[in-house]
Each structure stands twice: as C-alpha cells, then as structure tokens.
Q: 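Please find one structure pasted underneath; my questions will follow.
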Number of protein chains: 2
Amino acid sequence: MEAKTAATIFEVLASEPRLSIFRLLVKYAPDGLVAGEIARMLDIPKTNLSFHLKTIVHSGLASMEREGRNTRYKANIPLMLETVAYLTTECCSGNPELCLSFRAESGVAPEFLPSRCEDRKP
Amino acid sequence: MEAKTAATIFEVLASEPRLSIFRLLVKYAPDGLVAGEIARMLDIPKTNLSFHLKTIVHSGLASMEREGRNTRYKANIPLMLETVAYLTTECCSGNPELCLSFRAESGVAPEFLPSRCEDRKP
DNA sequence: ATGATTATTCAATAACTATTGAACAATAGC
DNA sequence: GCTATTGTTCAATAGTTATTGAATAATCAT
C-alpha cells in the first residue's frame with residue numbers, strides 16, 4: 001500500500017462521525033446498511049451523512065450500490081485488513097526484534113496483536 | 001482503546017507530512033531522531049515541522065526529550081500496536097468468520113495480517 | 001560575553017473540511 | 001400522472017488545520 005492511500009484511509013477514520021459510520025458498516029457486514037438506516041441509527045442529518053459517505057466511498061473503505069430508491073453501503077473489510085497490514089509493516093521494517101519485545105510488554109491481549117511480524121522474510 | 005483516542009491517532013496519520021515523519025521515526029526506532037535530522041531528511045521547513053511534531057507528540061504517537069539544544073523524537077511503538085489492535089477488533093467484533101474468510105482471500109501475506117482474531121473470546 | 005546553532009512560538013494568511021437548510025432527482029405505490 | 005419516500009447536490013457559512021517568515025529562547029563553543 002502506498003503512503004498516499006494510507007493517509008486517505010486514515011483521514012476517513014480520523015473523524016468521529018465517519019469512524020462511527022464505518023464501525024456500524026463493519027458490524028452489519030457483509031450485507032451493509034442503506035443510508036436511511038445509518039442516519040437513524042447514528043442520528044446524523046441525511047445531508048451531512050451523504051457528505052461523509054462520499055468521503056468513505058472515495059477512500060475505498062466502503063462500496064455503494066443503488067437499490068431502488070435506497071443506496072446500500074458495505075464496508076470493504078479486505079482494505080481495512082490491508083491497512084492493518086500497512087501499519088504492521090511500518091512497525092516491523094528494520095525493527096523485527098523491537099516489535100517482538102514491545103509486543104511482549106504491551107498490555108494488549110496477544111490475540112489482538114499482529115502476529116509473527118518478527119518472523120517475516122526480508 | 002476509546003474511539004476518541006483512535007480518532008486522534010488516525011488524525012495524525014491522515015496527513016502526508018505527518019505520516020512520513022512517523023514512518024521515519026519508526027524506521028529509526030528505538031533511538032529516534034532530532035528535529036533537524038528529520039527536517040533535512042524530509043525537506044520540511046523547520047517551523048512547519050515543529051507544528052506537525054507537536055501534533056504527533058500530543059497524540060502520544062511520539063515522545064520528545066531535549067538533548068542540549070536538540071530535541072529528540074521517538075516513535076511510540078506500543079501505541080501503534082494498540083492502534084493496530086483497535087482496527088483488528090473493529091473488524092472482528094460480531095464478524096469473526098467474515099474476518100477469517102477475507103483474510104484467506106486477501107493478497108496480503110499472512111505474516112502481515114492480524115492473527116487469530118477469529119479465535120477471540122467474547 | 002559574543003556569535004553560531006537549534007528549535008519553538010507567534011501572527012498572518014491561505015487552504016481545506018464540516019454542517020445545515022433548500023432545491024433537486026429518482027423511484028415506488030397508488 | 002400524482003404523491004410520498006429516499007438520497008444527493010448545491011450554496012452559504014462556520015470552523016478548523018496548514019504554511020510561512022520573523023521574532024524569541026536556549027544551548028554550545030570560543
């Protein structure tokens with residue numbers, strides 16, 4: 001993943017309304033939700049919701065498709081995983097042993113941490 | 001990690017200059033770099049660099065310490081790992097099987113993907 | 001002390017992002 | 001065809017973030 005792409009994705013996740021929208025889409029994956037449902041669930045005015053959804057779709061983190069008069073939005077989970085991988089790669093590149101030692105100290109449960117980045121091949 | 005904290009961190013990573021700075025600090029972990037070195041390496045005016053470094057430090061993604069007339073900045077790798085964990089959790093919450101299947105299909109090498117999120121306990 | 005080096009703060013401006021109500025377009029049901 | 005429903009686009013405004021040069025502070029070397 002290129003840095004520019006990554007920055008665009010982080011820009012989406014950097015706004016609280018957008019992060020909420022995305023989390024909701026992940027929760028309702030793989031079917032997703034239509035705009036009206038999102039607006040109701042998060043209590044965001046529809047016009048502002050459209051604005052944010054446009055940004056999210058533009059980043060690639062969600063897809064949209066028309067369904068009659070509704071528009072259905074679905075989270076792009078592979079792209080989210082690629083983003084996770086990007087951050088992990090940043091961590092490991094050049095510093096595998098560091099990554100390993102920090103993982104051991106961090107208070108985060110092991111099953112939520114990236115695995116085996118310290119084993120990767122150069 | 002709270003959503004608000006995550007949003008702050010994503011805000012840091014959402015700007016290209018800041019993402020470059022952070023990547024550089026990760027690359028030079030654990031010793032970090034002093035401001036002047038960063039400015040030279042990335043060709044960012046020092047006054048603008050200060051501005052961005054302040055944001056990064058405020059988010060917690062880097063620490064700063066004076067060294068004579070230099071200021072040394074170091075990446076906070078554990079916080080980056082927590083952020084990775086947060087994204088992973090978002091992905092998996094409610095959808096472990098989905099996460100698993102997408103991981104299998106994704107073109108990303110397994111050692112760069114979050115592991116065993118599908119095994120986590122509720 | 002003086003001058004050179006390093007980095008931050010300040011102030012001004014530029015650029016961008018968010019929010020909202022009103023207008024508009026498209027579809028569905030009668 | 002009309003009306004209600006669903007969503008998007010537009011325009012105006014508000015708010016926030018980025019960038020820069022000039023001024024300032026702190027340290028080091030002589």
Side-chain angles (χ1 to χ4, degrees), chain A residues 3-25 28 31-76, chain B residues 3-25 28 31-76:
Chain A
K4 197 177 174 181
T5 311
T8 305
I9 288 168
F10 291 133
E11 210 174 313
V12 165
L13 303 174
S15 127
E16 290 210 57
R18 281 197 296 265
L19 186 54
S20 304
I21 295 165
F22 182 68
R23 299 209 305 156
L24 199 61
L25 290 178
Y28 283 84
D31 293 345
L33 294 168
V34 300
E37 291 170 328
I38 301 171
R40 255 168 264 128
M41 288 166 117
L42 297 180
D43 196 34
I44 299 177
K46 59 183 179 164
T47 177
N48 192 17
L49 181 63
S50 270
F51 171 81
H52 286 305
L53 284 171
K54 202 175 169 182
T55 307
I56 297 174
V57 169
H58 180 254
S59 79
L61 272 180
S63 62
M64 62 178 282
E65 52 190 300
R66 300 236 55 170
E67 262 184 13
R69 56 186 157 181
N70 295 315
T71 312
R72 179 167 297 274
Y73 291 87
K74 297 178 182 176
N76 181 351
Chain B
K4 197 176 174 181
T5 310
T8 304
I9 288 167
F10 292 135
E11 211 174 312
V12 166
L13 304 174
S15 127
E16 289 211 60
R18 281 196 297 265
L19 185 54
S20 304
I21 295 165
F22 182 68
R23 299 212 303 156
L24 200 61
L25 291 178
Y28 283 84
D31 293 345
L33 295 167
V34 300
E37 292 170 328
I38 301 171
R40 256 168 265 128
M41 288 165 117
L42 298 180
D43 195 35
I44 299 176
K46 58 184 179 162
T47 176
N48 191 17
L49 181 64
S50 271
F51 171 81
H52 287 305
L53 283 171
K54 202 174 170 183
T55 308
I56 297 174
V57 169
H58 180 254
S59 78
L61 272 180
S63 63
M64 63 181 280
E65 51 190 302
R66 300 236 56 170
E67 264 184 12
R69 54 186 156 181
N70 295 314
T71 313
R72 180 166 296 275
Y73 291 86
K74 297 178 182 175
N76 180 351

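By convention in this document, chain letters (A, B, ...) are assigned in the order of the sequence lines, proteins followed by strands, and residues within each chain are numbered from 1.
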Q: Please give, in whole Å, the distance from C:dA7 P to B:Ile21 CD1?
A: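 To the nearest whole Å, that distance equals 13 Å.
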
Q: From the options D:dT20, D:dT27, C:dA18, select the nucleotide whose nearest atom is closest to the side chain of A:Arg18.
A: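 It is C:dA18.
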
Q: The test is side-chain contact (heavy atoms from CB on, under 4.5 Å); show your working for B:Leu25 and B:Leu61 and say whether it passes.
A: CA-CA 10 Å; B:Leu25 291 178; B:Leu61 272 180; over 6 Å; no

Q: So what does B:Glu16 hit on the nucleic acid, given a heavy-atom distance under 4.0 Å: a base, only sugar-phosphate, or nothing?
A: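 B:Glu16: no heavy atom of the nucleic acid under 4.0 Å.
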
Q: With the side chain of A:Asn70 defined as its heavy atoms from C-beta on, choose the nearest nucleotide among C:dA4, D:dT19, D:dG7.
A: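 The nucleotide sitting nearest to the side chain is D:dG7.
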
Q: Taking the side chain from A:Arg40 and the backbone from A:Asp43, do they hold a donor-acceptor pair closer than 3.5 Å?
A: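 No, A:Arg40 side chain to A:Asp43 backbone: no donor-acceptor pair under 3.5 Å.
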
Q: With side chain to side chain contact (heavy atoms under 4.5 Å, CB included) as the test, pick out the partner of B:Tyr73 among B:Ile21, B:Val57, B:Val34, B:Leu33.
A: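 Among B:Ile21, B:Val57, B:Val34, B:Leu33, the one meeting side chain to side chain contact (heavy atoms under 4.5 Å, CB included) with B:Tyr73 is B:Val57.
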
Q: Would you indicate which nucleotide in C:dT8, C:dA7, C:dT17 comes nearest to any side-chain atom of B:Ser50?
A: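 Nucleotide nearest to B:Ser50's side chain: C:dT8.
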
Q: Compare all side-chain heavy atoms of B:Leu53 with those of B:Met64 and state whether any distance is below 4.5 angstrom.
A: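 Result no, sub-4.5 Å side-chain heavy-atom pair not found.
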
Q: Once you apply a heavy-atom cut-off of 4.0 Å, does A:Asn48 come out as touching a base, just sugar-phosphate, or nothing?
A: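 It contacts base atoms.
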
Q: Of the candidate nucleotides C:dT8, D:dG7, D:dT20, which contains the atom at the shortest distance from the side chain of A:Ala35?
A: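 Taking heavy atoms from C-beta onward, the closest nucleotide is D:dG7.
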
Q: Rounded to whole angstrom units, what separation is found between the NZ atom of B:Lys54 and the C1' atom of C:dT9?
A: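 So the NZ-C1' distance, B:Lys54 to C:dT9, works out to 7 Å.
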
Q: Could you give the CD-to-C1' distance, from B:Glu65 to C:dT6, as a whole number of Å?
A: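 In whole Å, C:dT6 C1' lies 16 Å from B:Glu65 CD.
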
Q: Is the shortest side-chain N/O distance from A:His52 to OP1 or OP2 of C:dT19 below 4.0 Å?
A: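 So the side-chain polar atoms of A:His52 do come within 4.0 Å of the phosphate oxygens OP1 or OP2 of C:dT19, strictly under.
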
Q: Please tell me if the side chains of B:Tyr28 and B:Met41 come closer than 4.5 Å, counting only heavy atoms from C-beta onward.
A: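 Yes - at least one pair of side-chain heavy atoms lies under 4.5 Å apart.
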
Q: Atom CD of A:Glu11 and atom C1' of D:dA18: how far apart are they, to the nearest Å?
A: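 It is 13 Å, rounded to the nearest whole Å.
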
Q: Expressed as a whole number of angstroms, how long is the span from B:Leu49:CG to C:dT9:P?
A: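 Going from B:Leu49 (CG) to C:dT9 (P), I get 12 Å.
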
Q: Checking contacts here: which listed nucleotide (D:dG7, C:dT8, C:dA18) is nearest the side-chain heavy atoms of A:Thr71?
A: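 Given the options D:dG7, C:dT8, C:dA18, the side chain of A:Thr71 is closest to D:dG7.
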
Q: Could you give the NZ-to-P distance, from B:Lys46 to D:dA22, as a whole number of Å?
A: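 About 11 Å, once rounded to whole Å.
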
Q: C:dT8, OP1 or OP2 - any side-chain N/O from B:Tyr73 closer than 4.0 Å?
A: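 For C:dT8, OP1/OP2 do have a side-chain N/O of B:Tyr73 under 4.0 Å.
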
Q: Looking only at the side chain of A:Phe51 (C-beta and beyond, no hydrogens), which of the listed nucleotides D:dA18, C:dT19, C:dT9 gets closest?
A: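 So the side chain of A:Phe51 is nearest to C:dT19.
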
Q: Could you state the atom-to-atom distance from CD of B:Glu67 to C1' of D:dC28 in whole Å?
A: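 Going from B:Glu67 (CD) to D:dC28 (C1'), I get 14 Å.
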
Q: Closest to the A:Arg69 side chain: D:dA18, C:dT27, C:dT8?
A: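 Taking heavy atoms from C-beta onward, the closest nucleotide is C:dT27.
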
Q: Could you check which of C:dA28, D:dT9, D:dT19 has an atom nearest any side-chain atom of A:Thr47?
A: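 Within the option list, the nearest is D:dT9.
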
Q: Nearest-Å distance, CZ (B:Arg66) to P (D:dA25)?
A: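 From B:Arg66 CZ to D:dA25 P: 14 Å.
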
